[in-house]
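Working notes for the structure below.
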Amino acid sequence: MTELIATIPIILTIILTVGLNMAAKKVLPISWLSIVIIGLSWWGMDCRHIAAYTVVGFLSSLDVLFVIFGAILLMNTLNAAGAMKRIEGMFNTISEDARIQLVIIGFAFSAFIEGAAGFGTPAALCAPLLIGLGFPPMAAAVSCLILNSTPVSFGAAGTPTNAAVTAVVSELPAMGIAVDEWTLALSFVTALGLCSGACVIIFITVGLVTKMFGKNKSFSDAMPALPFCVFAALVYSATALPIARYIGTELTTLTASAVTIFVLLGCARAGFLMPKTVWRFEDSKTAATNKTESQMPLLKAWFPYIFISLWLVVTRLPQLDIKPVIQSFAVGLNDLFGVTNAAWSFKFVNNPGLVPFIPAVLIAVAIYRLNGDDVSAIFKKSWNQCSGAFIALLFGFALVYVYRYSDANSTGLDSMLITMAGGMANLAGDNYFYVSPFIGTIGAFMFGSNTVSNVMFTPLQFETARILELPTLLIVALQNQGGAIGNMICINNIVAVCATTGISGVEGKLIRTNFIPWLCFYVILIIVALAVLNFGVLPEF
């Protein structure tokens, strides 16, 4: 009975988001209120403990909130200055072959936008760009949704993966685990599964587009582009994996995608691995290059992102030993309201949203010569874009903290999190390993965000893994990966991409179309996880 009661906030969340289509910014405050009521009435918690853990949850969300705001703020600054148009203009003359355009823009450039900003921006920028190059709107929507899966766990300077770590960070020291080492290991295992999937999913996407929208309606029309698809995945993976393992989450997608873009552009211009015959959509025309987009020097357009990448590399490389210095700048609270364990620490210089994103914005304002009205409009637009996510994450973190620390009660019950994890362990048993990514996908489907999925479900997956004596690192990585691939079928992303491509009303068709690629990626993640488990790749913790 207690296991069922502990799941009420989660069940309520699913009903409100999936059943009633309510936004996460409305649902999560309601879910938090439900856990407060359960905590007071059934678990025997008192108001002081609930208030303390709620406030600590709010404060813990700041790490994620600042990164989201900084990333979106920089993206809007580049848009206002025309720098993003200049970057987009790079792609107008890459190749007339739609398959090659799809790989470079739909995968590599979309991954870069994901790494820089995340939170729905890749589809908003890349789908219209593909349409401008002659893609049918439905083809642009399908491909952008599917391909925006591999880079997601490291989107917005690593926000989803860092959110997963934040959600369990208080548990690691008690297990004798160094947080930084565990984070790097999680980053690597997550990237390993997603990069393995990229080798297959890029080609599947190209084949799906040729079959659904090509003149011959044939998957075989994608075969001439297979070498280029595999090469793109290998370039991305060869960059992402060492960064994920040795530098950290912030740079994995951002740097790997930037390297991939320029390598693929060079290959396309040199004719390397190009199909012998050009494939285009029937009745489509090559988009003309917009001459006005080339006025800004390319280096100037890219400079804010170059600055961010250099800063993150220099400060995250362990050999330079700079990270301990920037982590020493911190503010925090201990024993809030007199409650043990109600503690919070914020290493503000180490937060990418504050440094280097905010300095990058200030540099961009200066070099692009934006005026006060421009800056005011950029801040207002960024706040409007982020406010809904802020509310969702504030209450999502608060919900998780009350879940975790509800063992501070007068009834002698374990915390709701451990109680619920015990129920899931009994229900799934040895099969839990195989359903773990599905929980991540459900979170992304519900909230439209791998970050929120990780905030909500990482603690549950972590505790269930401990009960079942499964490797917690691997289970959290599967949660993280499941949330990433869930992006391609999540209703919020589908509604957003339909709006940007002007095809509203086909949301159900998009979900059905993307289900098979999602399932293929899911199987790949399980296979890679089994290999990690059985071949000694998984670090010992």
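Side-chain atoms are counted along with the backbone in the values below, which use heavy atoms only and exclude waters and symmetry mates.
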Under 3.5 Å, is there a donor-acceptor pair between the side chain of [X] and the main chain of [Y]?
{"X": "Gln479", "Y": "Ser453", "answer": "yes"}
{"X": "Gln461", "Y": "Pro437", "answer": "no"}
{"X": "Ser410", "Y": "Gly44", "answer": "yes"}
{"X": "Ser436", "Y": "Tyr432", "answer": "no"}
{"X": "Glu250", "Y": "Gly158", "answer": "no"}
{"X": "Thr315", "Y": "Ile322", "answer": "no"}
{"X": "Thr464", "Y": "Ala425", "answer": "no"}
{"X": "Thr239", "Y": "Val235", "answer": "yes"}
{"X": "Asn426", "Y": "Gly422", "answer": "yes"}
{"X": "Asn454", "Y": "Ala163", "answer": "no"}

Hey, could you give me the [atom1]/[atom2] distance between [X] and [Y], rounded to the nearest 0.5 Å?
{"X": "Ile38", "Y": "Leu33", "atom1": "CD1", "atom2": "CG", "result": "10.0 Å"}
{"X": "Asn334", "Y": "Asn341", "atom1": "CG", "atom2": "CG", "result": "10.5 Å"}
{"X": "Leu525", "Y": "Ile485", "atom1": "CG", "atom2": "CD1", "result": "5.0 Å"}
{"X": "Thr2", "Y": "Met420", "atom1": "OG1", "atom2": "CE", "result": "11.5 Å"}

Do you know the tightest heavy-atom contact between [X] and [Y]?
{"X": "Ile146", "Y": "Pro517", "value": "CD1-CG, 3.7 Å"}
{"X": "Pro352", "Y": "Phe357", "value": "O-CD1, 2.9 Å"}
{"X": "Leu399", "Y": "Pro9", "value": "CD1-CB, 4.2 Å"}
{"X": "Asn162", "Y": "Ala157", "value": "ND2-O, 3.9 Å"}
{"X": "Asn351", "Y": "Leu62", "value": "ND2-O, 4.3 Å"}
{"X": "Ala108", "Y": "Thr260", "value": "CB-CG2, 4.0 Å"}

Below 4.5 Å, heavy atoms only, C-beta onward: do [X] and [Y] meet side chain to side chain?
{"X": "Phe219", "Y": "Phe203", "answer": "yes"}
{"X": "Lys26", "Y": "Leu16", "answer": "no"}
{"X": "Arg466", "Y": "Ile418", "answer": "no"}
{"X": "Met1", "Y": "Trp42", "answer": "yes"}
{"X": "Ile202", "Y": "Leu147", "answer": "yes"}
{"X": "Ile526", "Y": "Phe433", "answer": "yes"}
{"X": "Ser406", "Y": "Leu417", "answer": "no"}

Residues Tyr246 and Ser187: side-chain donor-acceptor under 3.5 angstrom: no
Can you find a side-chain donor-acceptor pair between Thr13 and Ser31 that sits under 3.5 Å? yes
Indicate the ring-plane relationship of Phe397 and Tyr401, choosing parallel, tilted or perpendicular according to the 30° and 60° boundaries. tilted
Geometric class of the Phe348/Phe346 ring pair [parallel <30°, tilted 30-60°, perpendicular >60°]: tilted
Where do Leu172 and Phe462 land on the side chain to side chain contact (heavy atoms under 4.5 Å, CB included) test, with the steps shown first? CA-CA 11 Å; Leu172 300 177; Phe462 188 90; 4.1 Å; yes
Sub-6.0 Å ring centroid separation between Tyr53 and Tyr403: no
Would a line drawn from the ring center of Trp518 to the ring center of Phe515 be shorter than 6.0 Å? yes
Evaluate Leu394 against Leu65 for side chain to side chain contact (heavy atoms under 4.5 Å, CB included), listing each step before the verdict. CA-CA 9 Å; Leu394 280 168; Leu65 300 183; 4.1 Å; yes
Check the surroundings of atom CH2 in Trp344: do more than 12 heavy atoms from other residues, nucleotides or ligands lie under 6.0 Å from it? yes
Only one of Val36, Val55, Ile35 passes side chain to side chain contact (heavy atoms under 4.5 Å, CB included) with Ile50; say which it is. Val36
Could you walk me through whether Ile391 and Leu28 satisfy the side chain to side chain contact (heavy atoms under 4.5 Å, CB included) test, starting with their C-alpha distance in whole Å, then the side-chain angles of each, then the deciding distance to 0.1 Å, before giving a yes or no? CA-CA 8 Å; Ile391 294 170; Leu28 286 171; over 6 Å; no
